[in-house]
Amino acid sequence: MATKAERAEALREANASSGGFVSGLNIDLGRINEEYVPALKSWPARMDLYQRMGNDAKIASMLRGNILPLMSAVKWKAEGGTDECRNLIAANMLRQGDPDLWCETSWTQRLFESLLSLQYGVSVFGKTREMVDGLMIFRSLTYLQPKSLGGPRGPWEWNAAGTRLIAVHRAYKNPDGSATFDERIPVQDLAFVTWWMAGDNWEGIPMIRSMYRAWVEKDLAQKIQMVDLQNRGVGVPMATLAPNDGKVEADTLKDIVKDQRGGSKERQFIVKGAEQKIEFLTTTGEVLDAGPIIASKNNEFASAAGEDFKQQGQTQSGSRATGSVLMVSAIQELDAVREMVQEQINQGCGYLPGPVEELQRVNFGKQEEYARIVGSPVSPTDQLDNVPNILGGIQKGALTHDLTLENYVRKAMRVPPLTADVFDKLKSEGQRVPNIGGRPSEVAPADVDDARDDDLSRVGLQEKKTLRDGTPRSLSGRCYVWAASRAS
């Protein structure tokens, strides 16, 4: 049997002979040429079009539907690893801890910038490191505008073998008016969040890429409708001269036609005819209705974004049930977006380490388990699913009512947690956690065992036909205090 050293030597020889594998991506110098649509061939053209597409009201709605819930419905925290790893990650990345360790930009802003990869395909951050109390932190993670990626040879630079990305190039204008034409940044100083990344395609594939054709067709339909509306709403004036009309009559008609166009000489006609008259062209018929075409394209947008349920009407039979089923699928897809982005922030994109992993490797060395930034499930119902089971287990003795379970239930219901001291005090006093609204846990004590012998007691009202002042009792049968007080 080969020894460990012999196996290691054999592995080194195998790696040396193979030299690594090239992914086979279609690369031309520093450009990735995987696009087949002419308008999307170049990186600057793609970024311009994706920006324009993102300004379409319906596409913007689809993007918001995949971005904003991850910022409002998901609770992010550091989990796993050692206490010192978790504390550093929480302070530097989430701003939960020592302010001296905070990153300049908030977690919410960086999360939003990371999710812009759904629109542009990739989000790139420049790392600015700093030493604080013997710890390396990211003082800033600067979002690099997608349009700024590029250079004379393109944005991407691989090693000679074509197996590793080693640098990114940028070109942009500076605030002072000067221009930077080819800034080279080693990948060690960058962090990536790439949507739909496969192999070495660091550009990724934006979520809105599959909406491109529908967007072009919708844009064309809207333009045709507006041109038709303009032609019919503001018709082209046409004046007809009588056979014997001369220059004076022609000039008069020209002035009249010009007035019909608001003083403009464009799109007006003077023709010879049998009699003198003025009329408008293109004003007959009805305006083209592009609504069905636009609605069809909006449905395609929703399908591309996994939000078909938003397009379900409320008038047709079964549409609400269909929308509910589609919404479940949409929430599952949204949770997958959270998982994909979360893992790239933690463990990195491709073969590059993520910011969370790098912080721990640099400061604490190799760890058996690395701390991670983890988001709660997107669906609020998922956070409440276990609550009835936990409460049932506690009541039946299958689970111990401890502080961990107590605060788990409280967190799921968005109730402030208890401290250990308060929890122990309530347990020692034999009290349950105070109710926060809703039905009381116990019925108020009644006067059954020690009935009050007066006009307002239930016994008194049952036995006595009149009140003490001789007034006949107006209520019959069993009566309670609040009813008796009304009678008196």
Side-chain angles (χ1 to χ4, degrees), residues 29-35 39-56 59-60 62-64 66-68 70-71 93 103-129 138-157 165-197 200-209 211-212 215 337 340-341 344-345 348-350 352 354-355:
L29 296 178
R31 300 178 180 86
I32 298 175
N33 293 327
E34 289 291 322
E35 265 295 350
L40 300 175
K41 282 287 187 180
S42 70
W43 175 267
R46 283 200 296 276
M47 296 304 103
D48 287 338
L49 276 172
Y50 292 150
Q51 183 180 30
R52 291 173 56 195
M53 290 175 64
N55 289 329
D56 180 278
I59 295 179
M62 300 302 163
L63 286 172
R64 289 196 304 271
N66 282 277
I67 292 176
L68 297 185
L70 299 183
M71 302 172 66
M93 302 293 290
C103 184
E104 288 180 350
T105 51
S106 69
W107 166 254
T108 300
Q109 178 180 335
R110 281 182 279 112
L111 178 60
F112 170 73
E113 292 166 345
S114 299
L115 291 169
L116 285 179
S117 60
L118 301 179
Q119 179 175 354
Y120 295 105
V122 61
S123 294
V124 185
F125 298 85
K127 303 174 184 175
T128 301
R129 302 174 178 89
F138 294 119
R139 181 55 69 193
S140 68
L141 290 167
T142 306
Y143 177 70
L144 307 183
Q145 293 293 334
K147 286 185 176 181
S148 70
L149 302 183
R153 301 180 59 182
W156 317 107
E157 180 183 340
L165 183 73
I166 60 175
V168 170
H169 293 256
R170 301 177 67 213
Y172 53 89
K173 290 184 178 180
N174 297 300
D176 60 3
S178 62
T180 300
F181 295 102
D182 190 11
E183 178 186 48
R184 183 182 184 275
I185 308 176
V187 291
Q188 290 79 8
D189 295 330
L190 299 173
F192 293 79
V193 175
T194 303
W195 181 252
W196 225 249
M197 181 179 180
D200 262 348
N201 190 355
W202 295 88
E203 294 179 357
I205 302 176
M207 178 178 285
I208 66 174
R209 170 59 184 87
M211 306 178 191
Y212 173 72
W215 175 76
V337 174
M340 293 176 71
V341 173
Q344 292 193 26
I345 293 174
C349 186
L352 298 178

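Exactly one of Glu203, Glu34, Glu35 qualifies for a salt bridge (charged side-chain N to carboxylate O under 4.0 Å, His left out) with Arg46. That residue is Glu203.
The line from CG of Leu141 to CZ of Arg129 is 9.5 Å long, rounded to the nearest 0.5 Å. For the atom pair CH2 (Trp215) and CG (Asp56), the distance works out to 8.0 Å, reported to the nearest 0.5 Å. For the atom pair CZ (Arg184) and CD1 (Ile166), the distance works out to 5.5 Å, reported to the nearest 0.5 Å. With rounding to the nearest 0.5 angstrom, the CE atom of Met207 is 11.5 Å from the CD atom of Gln119. With values rounded to the nearest 0.5 angstrom, Asn201 atom CG is found 4.5 Å from Ile32 atom CD1. Note that OH of Tyr120 and CD of Gln51 are 4.5 Å apart. Values are rounded to the nearest 0.5 Å.
Inter-residue side-chain proximity for Ser123 and Glu113 is flagged as unmet; no heavy-atom pair is nearer than 4.5 Å. With a 4.5 Å cut-off on side-chain heavy atoms, Arg209 and Tyr50 count as touching. Val124 has its side chain within reach of Leu149: a pair of non-hydrogen atoms, C-beta onward, lies under 4.5 Å apart. The shortest side-chain heavy-atom distance between Ile185 and Leu144 falls under the 4.5 Å cut-off. In this structure, Phe192 and Ser117 have side chains that are not in contact, with every pair of non-hydrogen atoms separated by 4.5 Å or more. Residues Thr180 and Arg170 are not in side-chain contact: their nearest non-hydrogen atoms beyond the backbone lie 4.5 Å or more apart.
Annotation for Pro355 and Ile345: closest pair CD-O, 3.1 Å, computed over non-hydrogen atoms. For the residue pair Thr108 and Met71, the shortest heavy atom distance occurs at CG2-CE, 3.3 Å. Taking both residues in full, the closest heavy atoms of Leu111 and Leu70 are given as CD2-O, 3.5 Å, listed atom of the first, atom of the second, then distance. What you find for Ala45 and Ala39 is that their closest heavy atoms are CB-O, 3.5 Å. Contact detail for Phe125 and Ser114: the closest heavy-atom pair is CZ-OG, 3.5 Å.
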Criterion side chain to side chain contact (heavy atoms under 4.5 Å, CB included) on Leu63 and Leu118, from CA distance to verdict = CA-CA 7 Å; Leu63 286 172; Leu118 301 179; 4.2 Å; yes

Begin with the C-alpha distance, continue with both residues' side-chain angles, and end with the deciding distance and a verdict on side chain to side chain contact (heavy atoms under 4.5 Å, CB included) for Leu190 and Trp202.
CA-CA 12 Å; Leu190 299 173; Trp202 295 88; over 6 Å; no

Report task. Kindly indicate, with the supporting measurements, whether the criterion side chain to side chain contact (heavy atoms under 4.5 Å, CB included) is fulfilled by Met340 and Trp195. Result -> CA-CA 8 Å; Met340 293 176 71; Trp195 181 252; 3.7 Å; yes

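Side-chain atoms of Asn174 never come within 3.5 Å of backbone atoms of Asp176 as a donor-acceptor pair (strictly under, hydrogens ignored). Under a 3.5 Å cut-off, the side chain of Glu157 and the backbone N or O of His169 do not form any donor-acceptor pair. A side-chain donor-acceptor contact under 3.5 Å links Arg110 to the backbone of Met93.
A donor-acceptor pair shorter than 3.5 Å cannot be found between the side chains of Gln109 and Tyr143.
Shown here are the ring pair (Phe, Tyr, Trp, His ring centres under 6.0 Å) partners of Trp107, two or more places apart in sequence or in another chain: Trp76. Shown here are the side-chain hydrogen bond (donor to acceptor under 3.5 Å, both in side chains) partners of Thr128, two or more places apart in sequence or in another chain: Ser140.
The aromatic rings of Trp43 and Trp156 lie perpendicular to each other, with more than 60° between the two planes, well past the 30° mark.
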